[in-house]
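The structure appears below as structure tokens.
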Amino acid sequence: MVPLSWYIVLGVILFVIGAAGVLIRRNVLVVLMSLELLLNSVNINFIAFAHFHDDFRGRIFAIFIIAITAAEVAIALGILVALVRNKATLKVDEITIMRG
Amino acid sequence: MEQGFFLIFAVGAVAAALGVVLARNPIHSAVALMACFINISAIFVMLQAPLLAVIQIFVYVGAILVLFLFVTMMLDIRDASLRRFLPGSNFAALGLVALLGIEMLVLVMMGQRFPKTVAGTTTGGEIRELGTTLFADYLLPFEVASVILLVALIGAIVLAQKEPR
């Protein structure tokens, strides 16, 4: 029997790795992939708690997270395609069109 | 036995996640991400959520990663990728992330309220109960999610169109 804390620790490790990827990688595509990693680590937590507390709401939330992630990726990649059409770069530190 | 399987899949997922962040080529990152998702879906099976494992593989591996690979290959930007990471010192960001991780780990380790065993017995009828809960108690969020997906679909099409000049 695997205790709940193991699953949470796995979620924490994946979350930290994904957050590091979002913060320090230079390629926009890899930043988006790290974002997926973050969402997935949260999903692990939701489903682990749902299993251990015998409650379906965690699984429902995981389904919603997956749906929202699909929408997010579609929009993000659309923005990326439009961006690259205007300025041919994928480096995060060179995308300064909006003076951010 | 179960713990051994968990450790195998967890180590696989963490190694693949490290591969995502550390790989030089975005394509390699995408493939590592696929390995990570498959390991995580195996963990979902261990949590007795086989439906979510299947959804995970369908949506993430089947749709999202294929989209990533398409866009990566379509954009075809040959940056020399000499620098994988942002220029300048990233110690502040890494320190912050490490602090966050240590904090969360300490909270989990110190926490006494996490159950060691499963509360009830969820055997069989998982999909039926899930569907009933989803369509009875969570009907409004479900509809909102479908509207969001529709908006995202239209938005992606509009964004990817050629601008009329």
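Side-chain atoms are counted along with the backbone in the values below, which use heavy atoms only and exclude waters and symmetry mates. Sequence lines set the chain letters: A, B, ... in the order given, protein chains first and strands last, and positions in each chain run from 1. Computed from a predicted model, the values in this text were never measured in an experiment.
- No other option in B:Ala145, B:Ser146, B:Ala23 has as many heavy-atom pairs under 4.5 Å with chain A as B:Ala23.
- Taking the six-membered ring where the residue is Trp, B:Tyr138 and A:Phe64 present tilted rings, their angle falling between 30° and 60°.
- Linking ILVMFWY side-chain heavy atoms closer than 4.5 Å, directly or via other members, places B:Met46 and B:Ile38 in a single hydrophobic cluster.
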Let me see the working for B:Tyr60 and A:Thr69 under side-chain contact (heavy atoms from CB on, under 4.5 Å), right down to the final yes or no.
CA-CA 9 Å; B:Tyr60 276 103; A:Thr69 305; 3.5 Å; yes
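- Only the side chain of A:Leu10 comes within contact range of chain B, judged by heavy atoms closer than 4.5 Å.
- For B:Ala32, the side chain to side chain contact (heavy atoms under 4.5 Å, CB included) partners at least two apart in sequence or on another chain are B:Val20.
- Hydrophobic clustering, with ILVMFWY side chains joined whenever heavy atoms are under 4.5 angstrom apart, keeps B:Ile40 apart from B:Val66.
- At a 4.5 Å heavy-atom cutoff, the contact between A:Phe15 and chain B is made by side-chain atoms alone.
- What you find for B:Leu149 and A:Ala67 is that their closest heavy atoms are CD2-O, 3.5 Å.
- Atom CG of residue A:Leu37 and atom OG of residue B:Ser29 lie 10.5 Å apart, to the nearest 0.5 angstrom.
- A:Leu35 and B:Ile148 sit in two unconnected hydrophobic clusters of ILVMFWY residues. Membership requires side-chain heavy atoms under 4.5 Å apart, directly or through other members.
- The CD1 atom of A:Ile17 sits 8.5 Å away from the CG atom of B:Leu22 when rounded to the nearest 0.5 Å.
- Residues of residues 49-59 of chain B that come within less than 4.5 angstrom of chain A, heavy atom to heavy atom, are B:Ala49, B:Leu52, B:Ile55, B:Gln56, B:Val59 in numerical order.
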Starting from the C-alpha separation in whole Å, work towards a yes-or-no answer on side-chain contact (heavy atoms from CB on, under 4.5 Å) for A:Val9 and B:Met109.
CA-CA 9 Å; A:Val9 168; B:Met109 294 301 173; 4.0 Å; yes
Might you work through the side-chain contact (heavy atoms from CB on, under 4.5 Å) test for B:Leu130 and A:Ile63, ending with a clear yes or no?
CA-CA 10 Å; B:Leu130 201 64; A:Ile63 289 176; 3.9 Å; yes
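- Using a 4.5 Å cut-off between heavy atoms, A:Leu29 contacts chain B through both its backbone and its side chain.
- Only the side chain of B:Phe37 comes within less than 4.5 Å of a heavy atom of chain A; its backbone N, CA, C and O stay farther away.
- There is a path of hydrophobic side-chain contacts, each under 4.5 Å, that joins B:Phe68 to B:Met74.
- Environment of CZ in A:Phe49: crowded, with over 12 heavy atoms of neighbouring residues, nucleotides or ligands closer than 6.0 Å.
- In terms of non-hydrogen atom pairs under 4.5 Å with chain B, the most contact-rich of A:Leu32, A:Ile66, A:Val81, A:Val30 is A:Ile66.
- Summarising the geometry, atom CG belonging to B:Asp137 is positioned 9.0 Å from atom CZ belonging to A:Arg57; distances are rounded to the nearest 0.5 Å.
- Contact count against chain B (heavy-atom pairs under 4.5 Å) is highest for A:Ala48 among A:Ala82, A:Ala48, A:Ala50.
- The residue among A:Val22, A:Leu77, A:Asn40 with the most heavy atom pairs within less than 4.5 Å of chain B is A:Asn40.
- Atoms CZ and OG1, on A:Phe56 and B:Thr132 in that order, are 8.5 Å from each other to the nearest 0.5 Å.
- Looking at B:Leu67, both its backbone and its side chain come within 4.5 Å of chain A, counting heavy atoms on both sides.
- Here the shortest heavy-atom pairing between A:Arg85 and B:Gln161 reads NH1-O, 2.9 Å.
- The heavy-atom pair separating B:Ala156 from A:Ile75 by the smallest distance is N-CD1, 4.0 Å.
- There is a path of hydrophobic side-chain contacts, each under 4.5 Å, that joins B:Phe135 to B:Ile127.
- Among B:Ala10, B:Gly155, B:Ala98, the residue with the largest count of heavy-atom pairs under 4.5 Å with chain A is B:Ala10.
- Of the atoms belonging to A:Ile13, it is side-chain heavy atoms, and not backbone ones, that fall under 4.5 Å from chain B.
- Contact count against chain B (heavy-atom pairs under 4.5 Å) is highest for A:Val12 among A:Ile68, A:Leu80, A:Val31, A:Val12.
- Closest approach of A:Ser5 and B:Val108 over heavy atoms only: CB-CG1, 3.9 Å.
- With chain A as partner, the option from B:Ala17, B:Ala93, B:Ala30 having the largest number of non-hydrogen pairs under 4.5 angstrom is B:Ala17.
- At a 4.5 Å heavy-atom cutoff, the contact between B:Leu33 and chain A is made by side-chain atoms alone.
- For chain B, the nearby part of A:Leu14 is the side chain; its heavy atoms alone come within less than 4.5 Å.
- Within the 4.5 angstrom heavy-atom criterion, atoms from both the backbone and the side chain of A:Ile24 approach chain B.
- Shown are B:Phe9, B:Phe44, B:Phe6; of these, the ring pair (Phe, Tyr, Trp, His ring centres under 6.0 Å) with A:Tyr7 is made only by B:Phe6.
- Going from atom CG of A:Asp54 over to atom CD of B:Gln48 covers 10.0 Å, rounded to the nearest 0.5 Å.
- Atom CD1 of residue A:Ile60 and atom CG of residue B:Leu134 lie 4.5 Å apart, to the nearest 0.5 angstrom.
- The choice from B:Gln3, B:Glu2, B:Met104 that makes the most heavy-atom pairs within less than 4.5 Å of chain A is B:Gln3.
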